[in-house]
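Report on the structure given below.
Because only heavy atoms are used, hydrogens play no part in the values below, and waters and symmetry mates are left out as well, while side chains stay in. Chain letters run A, B, ... following the sequence lines, proteins first, then strands; residues in each count from 1.
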Amino acid sequence: MKNKRVRVRFAPSPTGPLHMGGVRTALYNYLFAKKNNGDFLLRIEDTDQSRYVEGSEKYIVDSLRWCGISPDEGVGVNNSITDSGPHSPYRQSKRKDIYRPYVEKLIRSGHAYMAFDTPEELSEIRDKSKKAGNPNWQYNSITRASMKNSLTLSAEDVNNKLLSKTPYVVRVKMPHGVEIKFHDEVRGWVSVNSVNVDDKVLMKGDGLPTYHLANVVDDHLMEISHVIRGEEWLPSAPLHVILYDYFQWERPIFAHLPLLLRPDGNGKLSKRDGDKLGFPVFPLNWSHPETKETASGYKEFGFYPEGFVNMLAFLGWNPGTNQEIFSLEELVSSFNLQKVSKAGARFDYDKARWFNQQQLRIRDESLLIDEFVNSIKLKYGISIQNEWAKKALYLFMDRAEFMNQIVTDCYYLFEDPVDYDSKMVEKKWSLNAQLWLKDLAHIFSKTSYSSDEIEASFKNYLNSNSLKFSELGPVLRLAIAGKTQGPSIFTVMELIGKDISEIRINNAITTLN
RNA sequence: GGCCCGUUCGUCUAGCGGUUUAGGACAUCUCCCUUUCACGGAGAAGAUCACGGGUUCGAAUCCCGUACGGGUCACCA
């Protein structure tokens with residue numbers, strides 16, 4: 001184990017879109033792999049065909065790609081939905097035949113057995129047990145003696161059932177009263193008595209393995225060194241551990257990550273929370289293939305992958321320094337499992353937005369300009385030049401957390417105001433204001449219409465008429481932008497130019513009369 | 001309910017036996033900057049480290065118990 005190559009895997013089930021908690025698990029796996037010059041694999045755990053949702057695999061691959069954490073091996077390498085790597089296939093439904101010999105091996109060694117109890121029989125016994133006051137009946141080291149399985153039935157009976165193709169499942173034979181202990185990288189030693197672990201189904205009636213068997217076999221075959229997954233797996237970790245022991249395989253190192261909790265207090269963040277909580281829970285937009293229900297994603301919401309990833313990384317981990325803004329590369333070099341916290345992390349959308357705002361600040365200028373130019377074209381149908389775009393962009397950037405916010409906020413660079421902030425009109429607009437504006441329009445027209453000159457002549461006008469800025473400034477802004485807050489109105493006027501500025505001043509005078 | 005995991009400002013967290021009058025960030029508030037709104041800057045407020053016992057010269061840090069919270073108990077993953 002010591003000098004083994006680090007190989008980790010993210011193993012989602014294609015039952016729908018990946019939510020942010022899943023993305024974080026993938027991210028930590030990726031960071032850990034890269035930090036240790038190891039491999040990050042994506043394996044699809046689709047052993048339950050009844051829960052398969054069309055499009056989820058592509059969604060998972062697309063999401064990881066958007067975050068910049070694409071796998072080195074498995075499904076989604078080179079952005080392809082097909083898989084590649086030395087252990088192909090990486091979809092458990094395609095590995096069906098691989099598992100059977102291992103199940104048989106377990107049966108031969110006495111660590112597993114066939115059980116012929118039907119689902120109906122089992123649910124009946126559970127119901128009965130519940131009524132009798134036991135809310136949780138388990139198929140385990142005690143109860144299996146009274147069930148229909150290869151341990152209780154005669155060899156002949158078993159053979160007959162097999163010959164008559166009676167459906168059966170294979171269950172693990174858990175030892176009775178053994179302390180199962182394993183070390184978890186984030187939690188330390190975890191210990192459970194085997195009486196509390198039931199005889200989990202390893203292979204289902206349909207011949208497909210359950211998650212528990214498939215994940216252990218695949219992790220071993222794929223030479224996974226560390227299993228990094230969510231805390232919801234902690235209760236079944238003892239089962240996995242004992243399976244490794246039964247197979248006489250070296251156990252991987254386990255690390256169970258704290259859960260992402262809902263901001264409103266109770267429970268883990270789940271897919272069903274959708275947009276109900278006022279923020280996306282998915283990385284990308286998702287629309288359900290059948291119900292056509294849609295859920296919004298961080299990407300479409302306006303988050304940069306860098307901001308999203310940075311935010312996610314800090315939900316349950318921190319570098320131990322005061323630095324909070326990290327690039328993916330920086331995260332890779334700082335990451336380690338010892339710094340992962342144990343308690344669940346409540347998601348805070350305010351902080352999430354702040355992370356994106358910080359990305360906006362440090363983002364490469366040419367990138368920002370491109371994004372801005374394209375968005376303006378898309379939203380307003382107007383093509384703008386880079387020089388002009390740069391000025392407009394930085395004029396509005398300070399008060400935005402997202403690029404799309406900038407694009408929305410600067411609308412009056414492209415559209416004349418249709419209405420005016422009525423409260424401010426009442427407060428600042430007057431007959432005098434109209435006269436002053438007329439004067440100003442005339443005065444401005446004699447300048448070069450640069451921000452500086454407009455401002456200088458404006459202040460000049462204030463002086464010579466003994467006016468205060470607060471008397472005239474808002475009036476001018478109202479005429480130009482329709483509202484009274486925003487960036488320098490003089491720069492806005494420079495950007496929209498003399499003609500439009502004059503039209504707006506005239507419009508305001510006629511409209512607000 | 002059984003089992004497992006967890007518990008430091010409202011939130012994310014630093015802290016891994018003495019350097020702590022418990023540090024940072026988000027959010028909140030104040031002031032400064034400013035034509036406004038932001039940004040930025042300076043500051044304030046905010047945690048008896050869940051509670052109770054130990055261990056120790058000394059505990060947020062180690063141990064035990066209690067409470068609370070969460071996870072999990074399928075032929076799902």
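Along RNA chain B, the nucleotide closest to Lys459(A) and the one closest to Asp48(A) are compared, and the more 5′ of them pairs with Lys459(A). When each of Gln338(A) and Glu455(A) is assigned the nucleotide of RNA chain B bearing its nearest heavy atom, the one mapping closer to the 5' terminus is Gln338(A).
Residue contacts shown for Val201(A) are limited to sugar-phosphate atoms, with no base heavy atom under 4.0 Å away. Using a 4.0 Å heavy-atom distance criterion, Thr15(A) is classed as making no nucleic acid contact. Across all strands shown, Pro119(A) has heavy atoms under 4.0 Å from base atoms, whether or not it also approaches the sugar-phosphate. Using a 4.0 Å heavy-atom cutoff across all strands shown, Lys268(A) reaches sugar-phosphate atoms only and no base atom. Using a 4.0 Å heavy-atom criterion, one finds that Asp117(A) contacts the bases of the nucleic acid, with or without backbone contacts as well. Within 4.0 Å of Gly267(A), counting heavy atoms only, lie sugar-phosphate atoms of the nucleic acid but no base atom. Backbone-only contact: Arg171(A) has heavy atoms under 4.0 Å from sugar-phosphate atoms and none from a base. Looking at heavy-atom distances under 4.0 Å, Ser488(A) makes contact with a base.
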Fill in: Candidate pair Tyr298(A) and Asn356(A), rule side chain to side chain donor-acceptor pair (under 3.5 Å), full reasoning
CA-CA 11 Å; Tyr298(A) 280 86; Asn356(A) 199 72; over 6 Å; no
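Across all strands shown, rC4(B) pairs with rG70(B); the Watson-Crick or G-U wobble distances both stay below 3.5 Å. With a cut-off of 3.5 Å on both Watson-Crick or G-U wobble distances, the partner of rG40(B) is given as rC32(B). Of the nucleotides present, rG10(B) is the one that pairs with rC26(B) by Watson-Crick or G-U wobble criteria, both distances under 3.5 Å. rC51(B): Watson-Crick or G-U partner is rG65(B), with both key distances under 3.5 Å. In a base pair of the Watson-Crick type (N1 to N3 plus N6-O4 or O6-N4) or a G-U wobble (N1-O2 and O6-N3), with each distance short of 3.5 Å, rG18(B) is matched with rC57(B).
On the C1' atoms, rA60(B) is 25 Å away from rA27(B), given to the nearest whole Å. Taking atom C1' in both rU28(B) and rU19(B), the straight-line distance is 32 Å, to the nearest Å. Taking the C1' atoms as reference points, rA22(B) lies 23 Å from rC63(B), given to the whole Å. Nucleotides rC51(B) and rA67(B) have their P atoms positioned 16 Å apart, rounded to a whole Å. Going from the P atom of rU21(B) to that of rC26(B) covers 26 Å, rounded to whole Å. For rU34(B) and rA42(B), the C1' atoms lie 16 Å apart once the distance is rounded to whole Å. Going from the C1' atom of rA50(B) to that of rC9(B) covers 14 Å, rounded to whole Å. When the P atom is used for both rG10(B) and rG54(B), the distance is 29 Å, rounded to whole Å.
Atoms CH2 and CZ, on Trp436(A) and Phe458(A) in that order, are 10.0 Å from each other to the nearest 0.5 Å.
Ring orientation note: the planes of Trp137(A) and Tyr139(A) are nearly perpendicular, at an angle over 60° on the 30°/60° scale. A tilted orientation is assigned to the rings of His212(A) and His240(A), their planes being inclined by 30° to 60°. Aromatic ring pairs are classed by plane angle as parallel below 30°, tilted from 30° to 60° and perpendicular above 60°; the pair Tyr211(A) and Trp233(A) is parallel.
Sparse packing is recorded around CD of Glu54(A), with 12 or fewer heavy atoms of other residues, nucleotides or ligands lying under 6.0 Å away. For OH of Tyr168(A), the number of neighbouring non-hydrogen atoms (other residues, nucleotides, ligands) closer than 6.0 Å is 12 at most.
What separates OH of Tyr52(A) from C1' of rA77(B) is a distance of 15 Å, to the nearest Å. Atom CD1 of Ile44(A) is separated from atom P of rC76(B) by 19 Å (rounded to the nearest Å). Note: NZ (Lys204(A)) to P (rA74(B)) measures 15 Å, nearest angstrom. Atom CH2 in Trp354(A) sits roughly 9 Å away from atom P in rA27(B) (whole-Å rounding). Distance Leu478(A) CG to rU35(B) C1': 13 Å, rounded to the nearest Å. Separating the NZ atom of Lys130(A) from the C1' atom of rA74(B) is a distance of 12 Å, rounded to the nearest angstrom. For Leu239(A) and rC76(B), the CG to P distance is 14 Å, given to the nearest whole Å. Computed from coordinates, the Phe458(A) CZ to rU36(B) C1' distance equals 12 Å when rounded to whole Å.
Using a 4.5 Å heavy-atom threshold, the side chains of Tyr102(A) and Pro209(A) count as separate.
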Discussion item. At under 4.0 Å between heavy atoms, how does the protein contact nucleotides 1-14 of chain B? Give one character per nucleotide, 5' to 3', with B, S or -.
Written reply: BSSSBSS---SSSS
Fill in: Sequence-aligned protein contact record of nucleotides 37-44 of chain B, with B where the base is within under 4.0 Å of a protein heavy atom and S where only the sugar-phosphate is
BBSS----
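Under 4.0 Å is where a charged nitrogen must lie from a carboxylate oxygen, and between Asp409(A) and Arg399(A) no such pair does. At a threshold of 4.0 Å, the pair Glu306(A)-Arg363(A) counts as salt-bridged, since one of the basic side-chain nitrogens sits closer than that to a carboxylate oxygen. The pair Lys423(A)-Asp421(A) does not meet the salt-bridge criterion, since no charged nitrogen lies less than 4.0 angstrom from a carboxylate oxygen.
Remark: side-chain polar atoms of Glu121(A) are paired, donor with acceptor, to backbone N or O of Thr118(A) under 3.5 angstrom.
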